[in-house]
J.: 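Sharing a structure below in structure tokens format, with a few things to ask.
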Amino acid sequence: MLDYRVYTFLEVCKTMNYTKASQVLNITQPNVTQHIRWLEERYGKKLFSYEKRRLVLTSAGELLKKSAISMAYEERLLAEQMEKLSDSGGKMAFGITKSVNESAMKCRIIELIQTRMCGNVYFYVDNTARLIKKMMDQDIDFAIVEGNFDQGQFDHIVLSREPFIPVRGREYRLRRPVKSLEDLCGERLIIREEGSGTRNILESILLSRNLSYGNFESIMEIGDISAIKMLLMEGCGITFMYATAIEKELEDGKLVEIPLNNLDVCHDFSLVWPRNSAFRHMFEALAQNFTRCREGAGQEGLRQ
């Protein structure tokens with residue numbers, strides 16, 4: 001079992017404020033200070049320092065935080081597994097990014113929920129950055145993301161590789177003939193919100209070509225994928241998306257891929273969980289579940 005003072009440390013890491021941590025934990029601020037001092041004496045290192053009156057983690061504090069998050073996560077999972085053994089049910093909390101939610105992967109998520117109906121399921125849809133933070137805060141057990149993440153802090157299994165393509169509405173007229181990514185400069189560009197995996201990947205692509213949002217006529221930032229699709233169909237600009245997230249719209253001809261000679265990008269959709277989890281086998285089984293569902297959906301499409 002984790003020492004209770006470690007939980008105090010993690011709460012201070014969340015709030016970066018001793019007073020707020022004491023309020024959340026329902027203990028006095030001097031008790032919070034004592035808990036942190038005990039840990040510092042235990043490890044012989046300062047865990048926090050002040051920079052311009054702002055509380056910050058030291059390098060030793062960062063190391064303890066990563067280890068403590070992992071240990072607390074393992075302890076919570078173990079408690080839930082023990083609860084399942086006593087037939088009192090269990091719970092699963094997970095998240096998926098908005099692009100994943102729009103993709104064919106949704107059928108696998110539905111199957112997963114159906115297999116867990118004996119327990120409680122908590123399901124979140126958010127961008128990559130927020131889901132990664134939820135895992136670090138132990139609010140969710142795992143996430144399915146298409147964005148980049150710290151592979152030193154999280155283990156993962158790749159579920160699929162998906163094409164990342166430029167698209168326009170059927171009626172949208174490009175300013176000039178387009179053959180390369182650079183030819184799209186000058187168009188109105190619709191982008192996702194900060195923290196989105198889709199936006200992060202687009203920015204990496206532009207940076208690799210010495211381009212930026214400033215090369216486009218104007219930028220429109222939208223956090224909702226359905227709203228982006230609607231704007232595209234209304235001829236409000238172009239965007240970059242995963243083909244799987246707009247598969248139906250492409251088939252119906254409502255959206256059109258913009259073919260480019262010098263852009264062939266695919267990115268992983270991955271199942272991600274905290275590093276060195278003792279429950280890796282459970283996540284591997286989940287990944288197999290997703291894969292079987294996808295293969296079954298593909299075979300059904302062939303029969304049709």
J.: Less than 3.5 Å apart, any donor N or O on the side chain of Thr198 or Ser99 sitting next to an acceptor on the other?
T.: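 Yes, Ser99 and Thr198 have a side-chain donor paired with an acceptor closer than 3.5 Å.
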J.: Within this structure, what is the CG-CD distance for the pair Asp155 and Gln151, rounded to the nearest 0.5 Å?
T.: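 Separation between the atoms: 9.5 Å.
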J.: Can you find a heavy atom in the side chain of Phe269 that is under 4.5 Å from one in the side chain of Thr97?
T.: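 Not touching, per the 4.5 Å side-chain cut-off.
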J.: Are any side-chain N or O atoms of Arg192 and backbone N or O atoms of Ser196, one a donor and one an acceptor, separated by less than 3.5 Å?
T.: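 Not at all, since once roles are kept as given, no pair shorter than 3.5 Å links the two residues.
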J.: Can you find a pair of side-chain heavy atoms, one from Ile246 and one from Val167, that are under 4.5 Å apart?
T.: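 Yes, at least one pair of side-chain atoms sits under 4.5 Å.
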J.: Can you tell if the side chain of Ile222 reaches within under 4.5 Å of the side chain of Leu231, non-hydrogen atoms only?
T.: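 Yes; the side chains approach each other to less than 4.5 Å.
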J.: Looking at every non-hydrogen atom in both residues, tell me the closest pair between Pro166 and Leu263 and how far apart they are.
T.: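 Between these two residues, the closest heavy atoms are CD-CD2, 4.0 Å.
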J.: Quick check: is Ile191 connected to Leu255 through a chain of hydrophobic side chains (ILVMFWY, heavy atoms under 4.5 Å apart)?
T.: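 Per the 4.5 Å side-chain linkage, Leu255 and Ile191 are not co-clustered.
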J.: Do Glu217 and Glu187 have side-chain heavy atoms sitting under 4.5 Å apart?
T.: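 In short, these two side chains do not touch, never coming nearer than 4.5 Å.
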J.: Assign the ring pair Phe240 / Phe164 to parallel, tilted or perpendicular, where the plane angle (0 to 90°) is split at 30° and 60°.
T.: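 Geometry flag for Phe164 against Phe240: parallel rings.
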J.: Any heavy-atom pair between the side chains of Thr128 and Glu146 that's under 4.5 Å?
T.: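 Yes; the side chains approach each other to less than 4.5 Å.
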J.: Same hydrophobic cluster for Val100 and Ile225, using side-chain heavy-atom links shorter than 4.5 Å among ILVMFWY?
T.: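 No; Ile225 is not reachable from Val100 via cluster members.
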J.: Measure the acute angle between the ring planes of Phe154 and Phe149, then classify it against the limits of 30° and 60° as parallel, tilted or perpendicular.
T.: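 The arrangement is perpendicular - the two ring planes meet at more than 60°.
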J.: Using 4.0 Å as the upper bound for N to carboxylate O, is an ion pair formed by Arg37 and Glu41?
T.: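 No.
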J.: Under the criterion side chain to side chain contact (heavy atoms under 4.5 Å, CB included), which of Val145, Asn101, Asp126 is the partner of Ile96?
T.: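 Going through Val145, Asn101, Asp126 one by one, the side chain to side chain contact (heavy atoms under 4.5 Å, CB included) with Ile96 is satisfied by Asn101 alone.
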J.: NE2 of His267 to CD1 of Ile205: how many Å apart, nearest 0.5 Å?
T.: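 Answer rounded to 0.5 Å: 9.5 Å.
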J.: Please say which of Val32, Val12, Asn31 ends up in a side chain to side chain contact (heavy atoms under 4.5 Å, CB included) with Ser22.
T.: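 Passing option: Val32.
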J.: Yes or no on side-chain contact (heavy atoms from CB on, under 4.5 Å) for Ser212 and Leu206, after CA distance, side-chain angles and deciding distance?
T.: CA-CA 6 Å; Ser212 69; Leu206 293 177; 5.9 Å; no
J.: Does NZ or CZ of Lys134 lie under 6.0 Å from the centre of the six-membered ring of Tyr124, at an angle within 45° of the ring axis?
T.: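 Positive - Lys134 is close enough to the ring of Tyr124 and near enough to its axis.
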J.: Thr239 side chain to Ile190 main-chain N or O, any donor-acceptor pair under 3.5 Å?
T.: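 Side chain of Thr239 to backbone of Ile190: a pair is present.
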J.: Which heavy atom of Pro274 sits nearest to which heavy atom of Met135, and what is that distance?
T.: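 Residues Pro274 and Met135, closest heavy atoms: CD-SD, 4.2 Å.
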J.: Give, for atom CD of Gln29 and atom CD of Gln23, the distance between the pair rounded to the nearest 0.5 Å.
T.: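 Here the rounded value is 9.0 Å.
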J.: side-chain contact (heavy atoms from CB on, under 4.5 Å), that's the test. Do Glu171 and Glu234 meet it? Break it down for me.
T.: CA-CA 8 Å; Glu171 304 302 326; Glu234 292 295 324; over 6 Å; no
J.: Hey, does Ile140 have a side-chain heavy atom less than 4.5 Å from the side chain of Tyr122?
T.: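 Contact flag for Tyr122/Ile140 side chains = no.
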J.: Ion pair present between Lys20 and Glu11, side-chain N to carboxylate O less than 4.0 angstrom?
T.: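 Judged by the 4.0 Å cut-off on N to carboxylate O distance, Lys20 and Glu11 do not form a salt bridge.
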J.: So, taking the atom named CG in Asn17 and the one named NZ in Lys14, what distance separates them when rounded to the nearest 0.5 Å?
T.: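 So the CG of Asn17 and the NZ of Lys14 are separated by 14.5 Å.
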J.: Do Met16 and Leu39 share a hydrophobic cluster, counting only Ile, Leu, Val, Met, Phe, Trp and Tyr and linking them when any side-chain heavy atoms are less than 4.5 Å apart?
T.: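 Shared cluster, yes.
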J.: Could you label the plane-to-plane angle of the Phe94 and Phe142 rings as parallel, tilted or perpendicular, counting under 30° as parallel and over 60° as perpendicular?
T.: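 It falls in the parallel class, under 30°.
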J.: Between Glu221 and Arg199, is there a side-chain N and carboxylate O pair less than 4.0 Å apart?
T.: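 Yes, this pair counts.
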J.: Does Val24 share a hydrophobic cluster with Ile69, counting links as ILVMFWY side-chain heavy atoms below 4.5 Å and allowing steps through other members?
T.: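 No; tracing contacts between hydrophobic side chains, which count when under 4.5 Å, never links both residues.
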J.: Check Tyr172 against Gly235 and note the closest heavy-atom contact, atom names and distance.
T.: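 Heavy atoms of Tyr172 and Gly235 come nearest at CD1-O, 3.4 Å.
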J.: Is there a side-chain contact between Lys45 and Glu40 in this structure, where contact means two heavy atoms from C-beta onward sitting under 4.5 Å apart?
T.: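 No, their side chains stay 4.5 Å or more apart.
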J.: Could you go through the side chain to side chain donor-acceptor pair (under 3.5 Å) check for Glu203 and Tyr213 one step at a time?
T.: CA-CA 8 Å; Glu203 289 174 351; Tyr213 294 144; 3.0 Å; yes
J.: To the nearest 0.5 Å, how far apart are CG in Leu184 and CG in Leu260?
T.: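 If we round to the nearest 0.5 Å, Leu184:CG and Leu260:CG are 5.5 Å apart.
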J.: How about Arg42: does its CZ atom have over 12 heavy atoms from other parts shown lying under 6.0 Å from it?
T.: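 No, not enclosed.
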J.: Taking all heavy atoms of Ala72 and all of Leu10, pick out the closest pair and write down the distance.
T.: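 Looking at all heavy atoms of both residues, the closest pair is CB-CD1, 4.1 Å.
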J.: Within the 3.5 Å criterion, strictly below it, is a donor on Glu182 or Asn262 matched to an acceptor on the partner's side chain?
T.: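 On atom types as modelled, these side chains qualify, holding a pair under 3.5 Å.
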J.: Do Glu284 and Ile157 pass the side-chain contact (heavy atoms from CB on, under 4.5 Å) test, and can you show the C-alpha distance, the side-chain angles, and the key distance before you say yes or no?
T.: CA-CA 8 Å; Glu284 289 175 341; Ile157 294 176; 3.6 Å; yes
J.: Show, in sequence, the C-alpha distance, side-chain angles and deciding distance for Arg188 and Arg175, and conclude whether the side-chain contact (heavy atoms from CB on, under 4.5 Å) test is met.
T.: CA-CA 10 Å; Arg188 298 191 300 272; Arg175 304 291 176 91; 3.3 Å; yes
J.: Decide, yes or no, whether a salt bridge links Glu193 with Lys98 under the criterion of side-chain N to carboxylate O below 4.0 Å.
T.: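 Counted as a salt bridge, because a side-chain N and a carboxylate O are separated by less than 4.0 Å.
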J.: According to a 4.5 Å side-chain heavy-atom criterion applied to Ile, Leu, Val, Met, Phe, Trp and Tyr, with indirect links allowed, do Trp38 and Leu25 form part of one hydrophobic cluster?
T.: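 Per the 4.5 Å side-chain linkage, Trp38 and Leu25 are co-clustered.
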J.: Are a donor atom and an acceptor atom from the side chains of Thr8 and His35 found within less than 3.5 Å of each other?
T.: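 Result is yes, a qualifying pair exists.
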J.: Just wondering, do Leu250 and Val256 contact through their side chains at under 4.5 Å, heavy atoms?
T.: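 They are not in side-chain contact.
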J.: Look at the side chain of Asp137 and the backbone N and O of Asp139, then say whether any donor-acceptor pair between them is shorter than 3.5 Å.
T.: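 It does not hold such a pair.
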J.: Within this structure, what is the CD1-OG distance for the pair Ile144 and Ser270, rounded to the nearest 0.5 Å?
T.: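 Spacing of CD1 (Ile144) from OG (Ser270) equals 10.0 Å.
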J.: Any donor-acceptor pair under 3.5 Å linking the side chain of Asp252 with the backbone of Glu249?
T.: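 No, the answer is negative, given that no donor and acceptor are paired below the 3.5 Å cut-off.
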J.: If I compare all heavy atoms of Ala243 with all of Ile165, which pair ends up nearest, and what's the gap?
T.: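 Residues Ala243 and Ile165, closest heavy atoms: CB-CD1, 4.0 Å.
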